[in-house]
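Structure record follows, encoded as structure tokens.
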Amino acid sequence: MKQSTLGTYIRSLRTQNHMTQGQLAEKLNVTDKAVSKWERDLSYPDIALFPKLAGTLGVHVNDLLRECVDEGQPSRLVQIFEMSQDIRTPLHIILGCADMAANHYEDKELVLRYLQSIRISGEYLLKSIDCISKVMNRMQDGADDSCFDHVGKLEKHIQELSAFHQKYFDSYDFSGKRILVAEDMEINREIAREMLRQTGAVIEFAVDGQDCVEKVKEHPADYYDMILMDISMPNMDGIEATRMIRALEDRTKASVPIIAVSVNVQEKDRNAALEAGMDGFTEKPIFVDKLFEAMKQYLSEDS
């Protein structure tokens with residue numbers, strides 16, 4: 001692992017973004033000492049911070065990962081990162097099912113199905129965490145690759161759960177509406193696709209804020225009925241992308257409804273999104289009812 005390269009890379013990107021160590025630490029919610037330690041090449045950041053660190057520094061997370069490995073050598077860190085992203089899927093399901101069970105507590109069959117999904121997802125999540133622990137403990141000696149074999153097997157469960165949910169979303173019919181989802185993480189795009197396809201909406205994706213703006217520009221006015229905008233993305237974040245869309249000369253394009261989707265849920269984050277021109281704010285992991293209710297406000301038949 002080329003820790004020295006990673007430290008130099010982080011320091012270079014921080015300088016390019018005109019940030020002090022303290023400012024970067026504040027954005028990542030870590031101590032100044034942590035950032036200083038990374039840049040002194042004594043260690044690499046916690047793997048869970050890589051997506052947010054990459055977004056803050058304006059690069060793709062894979063760019064950070066490439067700085068952590070020796071060329072030509074397999075990377076346990078990459079495997080850990082990929083699995084950490086896979087953890088998001090069962091976590092979305094657990095939180096979403098808990099939320100839905102509370103909203104439909106009178107329907108015994110549905111509640112039992114949600115509890116089953118929570119259990120399946122919880123077991124999957126536990127196995128993923130156990131694998132990460134094994135790899136971290138055996139980083140130097142090499143871990144048993146078989147512990148990664150279960151990755152991806154949750155997809156069938158997601159599809160079955162999605163089909164079961166279908167009849168419970170009759171009030172959320174967005175058929176014919178075209179939604180642009182700006183999201184840089186592939187696993188989150190897959191989750192969004194599974195959730196939104198239940199409503200009949202046509203889904204397209206942008207991989208970052210810059211891609212989102214370009215897609216709005218290149219398509220005719222009224223092409224998109226709504227944008228679901230992630231806040232933290234490389235190249236251009238959701239705040240800046242929203243400002244650019246709102247500043248377009250074509251006022252129809254400029255007025256497309258934009259709902260923020262963010263893991264940052266503090267009041268200042270909500271205010272920043274609204275000040276940039278977003279129409280609504282929802283949190284990650286996504287609670288399906290809350291997201292669909294927010295979308296429903298702007299996707300009525302006469303909108």
Side-chain angles (χ1 to χ4, degrees), residues 13-14 17-32 34-35 45-61 64 84-85 87-88 91-92 94-96 98-99 179-185 187-189 191-192 195-196 205-213 216 226-247 254-298:
L13 290 173
R14 176 177 60 77
N17 283 275
H18 307 291
M19 284 188 289
T20 65
Q21 287 184 342
Q23 289 171 330
L24 179 58
E26 182 180 0
K27 288 180 178 292
L28 298 175
N29 196 28
V30 300
T31 65
D32 294 12
V35 174
D46 292 336
I47 191 68
L49 284 175
F50 268 65
K52 190 172 183 179
L53 175 61
T56 301
L57 296 176
V59 296
H60 194 278
V61 67
L64 287 180
S84 74
Q85 300 311 299
I87 285 175
R88 294 171 182 265
L91 184 58
H92 274 256
I94 290 170
L95 294 176
D99 190 48
I179 313 296
L180 177 61
V181 179
E183 168 61 63
D184 64 304
M185 303 300 294
I187 185 63
N188 289 340
R189 292 196 293 268
I191 292 170
M195 288 193 304
L196 293 171
F205 292 99
V207 297
D208 55 41
Q210 184 176 336
D211 186 31
C212 178
V213 174
V216 172
M226 172 172 285
I227 299 174
L228 298 181
M229 183 80 77
D230 185 26
I231 297 296
S232 299
M233 294 183 289
N235 300 322
M236 181 186 295
D237 64 27
I239 297 293
E240 182 60 26
T242 298
R243 291 196 183 105
M244 293 191 67
I245 291 171
R246 294 299 186 229
S255 61
V256 59
I258 302 176
I259 296 179
V261 184
S262 177
V263 295
N264 301 319
V265 295
Q266 297 181 15
E267 190 65 26
K268 65 177 182 179
D269 301 310
R270 295 176 183 270
N271 291 338
L274 297 177
E275 288 172 4
M278 295 187 181
D279 299 284
F281 190 101
T282 58
E283 62 189 84
K284 287 182 179 179
I286 293 172
F287 293 90
V288 179
D289 274 5
K290 292 180 181 179
L291 174 62
F292 286 179
E293 279 298 319
M295 293 174 62
K296 191 176 182 180
Q297 297 180 47
Y298 303 99

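Here, residue 1 is the first one in the sequence, and each next residue gets the next number. The figures that follow rest on heavy atoms only: side chains count, while hydrogens, waters and symmetry mates do not.
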- Quick one: pull up CD1 in Ile239 and CG in Asp269 and give me the separation to the nearest 0.5 Å. 8.5 Å

- Task: State, with a plain yes or no, whether a side-chain heavy atom of Leu228 is found less than 4.5 Å away from one of Met295.
- Result: yes

- Task: Check for a donor-acceptor pair, side chain of Ser262 on one end and backbone N or O of Asp230 on the other, with a separation under 3.5 Å.
- Result: no

- Task: Enter the distance from Leu53:CG to Lys27:NZ here, rounded to the nearest 0.5 Å.
- Result: 12.0 Å

- Query: What is the distance from atom CE of Met229 to atom CD1 of Ile231, rounded to the nearest 0.5 Å?
  - Reply: 8.0 Å

- Task: Measure the spacing between CE of Met278 and OG1 of Thr242 and express it to the nearest 0.5 Å.
- Result: 3.0 Å

- Tell me, do Ile179 and Met226 make a side-chain contact under 4.5 Å, heavy atoms counted? yes

- Taking all non-hydrogen atoms of both residues, which atom of Asp211 and which atom of Asp208 are closest, and how far apart? N-OD1, 2.7 Å

- Query: What's the spacing between Ile259 CD1 and Leu291 CG if we round to 0.5 Å?
  - Reply: 6.5 Å

- Message: Closer than 4.0 angstrom, basic N to acidic O: yes or no for Asp237 and Lys52?
- Response: no

- Item | Any side-chain heavy-atom pair of Arg246 and Val256 under 4.5 Å | yes

- Pairwise distance CG(Asp32) to OG1(Thr20) - rounded to 0.5 angstrom: 7.5 Å

- Query: Any donor and acceptor pair, going by atom type alone, linking the side chain of Asn17 with main-chain N or O of Leu57 inside 3.5 Å?
  - Reply: yes

- All heavy atoms of Leu180 vs all of Ala206, minimum pair found to be CD1-N, 3.9 Å

- Query: Just by distance, do the side chain of Tyr298 and the backbone of Gly280 share a donor-acceptor pair under 3.5 Å?
  - Reply: no

- Task: Locate the shortest heavy-atom distance separating Val59 from Pro234; write the atom from each residue and the value.
- Result: O-CB, 3.0 Å

- Is there a donor-acceptor pair closer than 3.5 Å between any side-chain N or O of Arg14 and the backbone N or O of Met19? yes

- Query: Side-chain contact, heavy-atom cut-off 4.5 Å: Cys212 with Ile245?
  - Reply: yes

- Item | Exam field: side chain Arg189 to backbone Glu183, donor-acceptor pair closer than 3.5 Å | yes

